[in-house]
Amino acid sequence: MEDCTPLFTFGIIADIQYADKEDGFNFLRTRRRYYRNSLELLRSANRVWKEEPVNPSFILQLGDVIDGFNKKYEASDRALETVVSEFDNCLVKVHHVWGNHEFYNFNRNSLFASPINSGTKLAPGSNFIDDEIYAYHFSPAPKFRFVVLDAYDLSIIGRDPNHEKYNKAMKILKEQNTNNDLNHPPVSGWLEQRFVKFNGAFSQEQLQWLDKVLTLADQKHERVTILSHLPVHPESADPICLAWNYDAMLSILHSHKSVICFIAGHDHDGGYHKDASGIHHLTLEGVIETHPDSNAFGTVYVYEDQMVLKGNGRILDRVLVYPSPY
C-alpha cells in the first residue's frame with residue numbers, strides 16, 4: 001500500500017432496530033436493548049462520517065433498521081420515516097439490506113415501494129434480479145463491485161402464506177425443527193440451530209443469479225464484496241443466526257476469485273472469520289444492544305490490495321487483505 005490515500009471509503013452499520021419505546025430485552029431476555037437510544041447512536045455515526053477526511057462514497061445499512069415492536073404499536077411507517085430522515089442527513093447514498101425486522105413491519109410489496117428499496121435509484125445495468133427478490137449489484141469505482149442479497153427470499157416471514165416460496169420454506173423448517181414455536185431452535189445438533197422462523201434462505205434462482213454476477217466479475221478482474229443480513233460462515237456468527245442454506249452460498253463464493261468479503265448483521269455480538277479461500281466474513285455488532293456510552297459502526301477504507309476497517313465503539317479495527325491476486 002504505497003499510497004495511503006484510499007480509492008474510496010464507505011460506512012457500515014447494522015441492526016439499529018429503532019422504536020420509540022422504553023428499553024427492553026432480546027427474545028431470550030438475556031441482553032438489554034436500547035430502542036430509543038439506537039437513533040442517537042445513528043446520529044453519532046453520521047457526525048463521524050461527515051467529519052471524515054475523505055467523505056464516504058456510500059453507507060451500507062445491513063438490515064433491521066426498525067424493530068418489530070413498531071408493528072404492535074402501529075408505528076411502523078412513523079419509525080421508518082424517522083430513521084430514513086436521519087440517514088438522509090448522511091448526504092450520501094445509503095444501500096439498505098432487508099432483515100427479519102423489516103418483514104415483521106412490512107410485506108414485500110410495501111418494502112419495494114418504500115425508501116429502503118435502494119436498488120431502484122441505481123444507474124442502468126445494476127438492476128434487480130427480478131421484481132420479487134431484493135438482490136442487486138453496483139460498482140462504486142472501477143474494478144470494485146458490491147452485491148446486495150435477499151436472505152429472506154425463501155422464508156415464512158414477508159411472504160404471503162399462499163406463495164410457493166412460503167410453502168417451501170415452511171416445509172424446510174418443519175422437517176428440521178419439531179418445536180411448536182418455530183422461533184425456538186431444534187434441540188439436537190449445533191448447526192441445526194439455524195432452522196428457526198427468524199432466519200431464511202437464498203432461493204436457487206438467487207444463487208444462480210449470483211453465480212452469473214460473480215462469473216462476470218471474475219472475467220473483469222473485479223473485487224467483490226457481498227452484503228446480506230444473515231451470515232453464511234459458521235465461524236463468523238452464532239449458528240442460530242446463519243442462513244439455512246449457508247453451505248450452498250459458501251460453495252458459490254469459493255468457486256470465484258473475485259470475492260473478497262462477505263458482510264452481514266443479525267448476530268448482535270458480531271464476529272469475524274477468514275476462511276480457507278481467503279474470503280473475509282465480517283458480522284457487524286448490532287446497534288440495538290450497544291450501551292448508550294458506546295457505539296457500533298465503522299468506516300472502511302478501500303485500497304488496491306486491502307480494505308481497512310476503522311471501527312467505533314464495539315467494532316474492532318481490522319485489516320482485510322484481499323485473497324491471492326488473479
Side-chain angles (χ1 to χ4, degrees), residues 1 4-19 23 26 31-67 82-97 99 101 118 140 146 225 227-229 231 236-237 241 260-274 280-303 306-321:
M1 193 172 66
C4 290
T5 303
L7 300 173
F8 63 93
T9 73
F10 61 90
I12 50 175
I13 193 166
D15 296 271
I16 298 168
Q17 291 185 219
Y18 167 73
D23 295 348
N26 63 349
R31 302 288 178 84
R32 194 164 188 84
R33 292 187 169 178
Y34 306 92
Y35 294 103
R36 287 197 182 103
N37 196 71
S38 65
L39 189 67
E40 293 301 319
L41 297 191
L42 173 57
R43 287 176 179 149
S44 174
N46 273 339
R47 288 193 293 269
V48 172
W49 285 326
K50 285 181 179 179
E51 294 169 359
E52 290 277 353
V54 178
N55 289 331
S57 297
F58 55 91
I59 306 298
L60 302 179
Q61 185 277 114
L62 297 169
D64 286 2
V65 71
I66 64 173
D67 193 86
T82 299
V83 179
V84 168
S85 294
E86 189 57 46
F87 270 115
D88 286 344
N89 292 331
C90 293
L91 304 179
V92 297
K93 171 74 176 179
V94 181
H95 290 276
H96 295 282
V97 176
H101 282 262
S118 47
F146 289 71
T225 297
L227 318 166
S228 163
H229 185 63
S236 69
C241 293
I260 59 174
C261 190
F262 193 104
I263 307 179
H266 199 46
D267 186 341
H268 298 168
D269 286 338
Y272 169 78
H273 179 72
K274 181 179 178 181
H280 302 278
H281 294 266
L282 176 65
T283 304
L284 223 61
E285 288 80 356
V287 171
I288 183 63
E289 291 179 8
T290 298
H291 192 276
D293 291 338
S294 186
N295 217 317
F297 69 95
T299 303
V300 179
Y301 300 80
V302 180
Y303 300 92
Q306 63 188 17
M307 295 194 297
V308 177
L309 167 61
K310 173 61 178 176
N312 290 267
R314 298 168 64 203
I315 296 178
L316 300 176
D317 295 349
R318 297 187 186 277
V319 176
L320 311 175
V321 178

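Please read these numbers as outputs of a predicted model, since none were measured by experiment.
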If I take atom CG from residue Leu316 and atom CG from residue Leu309, how far apart are they, to the nearest 0.5 angstrom? 8.5 Å
Side-chain donor/acceptor of Lys93 to backbone N/O of Ser118, under 3.5 Å: yes
Has Thr283 got a side-chain atom pairing as donor or acceptor with Ser236's backbone, closer than 3.5 angstrom? yes
Taking the side chain as C-beta and beyond, is there a heavy-atom pair between Ile260 and Thr225 under 4.5 Å? yes
Between Gly286 and Asp15, the two heavy atoms sitting closest are CA-CB, 3.8 Å
Are any side-chain N or O atoms of Ser38 and backbone N or O atoms of Ile16, one a donor and one an acceptor, separated by less than 3.5 Å? yes
With sequence neighbours excluded, tell me which residues meet side-chain contact (heavy atoms from CB on, under 4.5 Å) with Asn295. Leu41, Ser44, Phe297
Straight-line distance of Glu289 CD to Gln17 CD, nearest 0.5 Å: 7.5 Å
Could you give me the CA-CA distance, side-chain angles and deciding distance for Ile315 and Ile12, then say whether side chain to side chain contact (heavy atoms under 4.5 Å, CB included) is met? CA-CA 10 Å; Ile315 296 178; Ile12 50 175; 5.7 Å; no
Are any non-hydrogen side-chain atoms of Trp49 and Ile13 less than 4.5 angstrom apart? yes
Which atom names give the shortest non-hydrogen contact between Gly313 and Ser294, and what distance separates them? CA-OG, 3.5 Å
Find the distance between CG (Asp23) and CG (Asn37) and round it off to the nearest 0.5 Å. 7.5 Å
Nearest-0.5 Å distance, CZ of residue Arg32 to CG of residue Asn26: 11.5 Å
Sequence neighbours excluded, which residues qualify as side-chain hydrogen bond (donor to acceptor under 3.5 Å, both in side chains) partners of Asp269? Arg31
Which distance, rounded to the nearest 0.5 Å, do you find between the CG of Leu284 and the CD of Gln61? 10.5 Å
Is it true that a side-chain atom of Lys50 and a backbone atom of Leu91 form a donor plus acceptor pair closer than 3.5 Å? no
Is there a side-chain contact between Val287 and Tyr18 (heavy atoms, below 4.5 Å)? no
So do the side chains of Thr290 and His268 get within less than 4.5 Å of each other, counting heavy atoms only? no
His95 and ring pair (Phe, Tyr, Trp, His ring centres under 6.0 Å): which partner among Phe87, Phe10, Phe58, Phe146? Phe58
Answer whether the closest heavy-atom distance between the side chains of Leu320 and Gln306 falls below 4.5 Å. no
Locate the shortest heavy-atom distance separating Leu62 from Gly265; write the atom from each residue and the value. CB-N, 4.4 Å
Residue pair Thr9 / Glu52, side-chain heavy-atom distance below 4.5 Å: no
List in chain and number order the residues that pass salt bridge (charged side-chain N to carboxylate O under 4.0 Å, His left out) with Arg43, two or more places apart in sequence or in another chain; answer none if no residue qualifies. Glu40, Glu86
Can you tell if the side chain of Val92 reaches within under 4.5 Å of the side chain of Ile59, non-hydrogen atoms only? yes
So which of His101, His96, His266 actually passes ring pair (Phe, Tyr, Trp, His ring centres under 6.0 Å) with His229? His266
So do the side chains of Arg318 and Tyr272 get within less than 4.5 Å of each other, counting heavy atoms only? yes
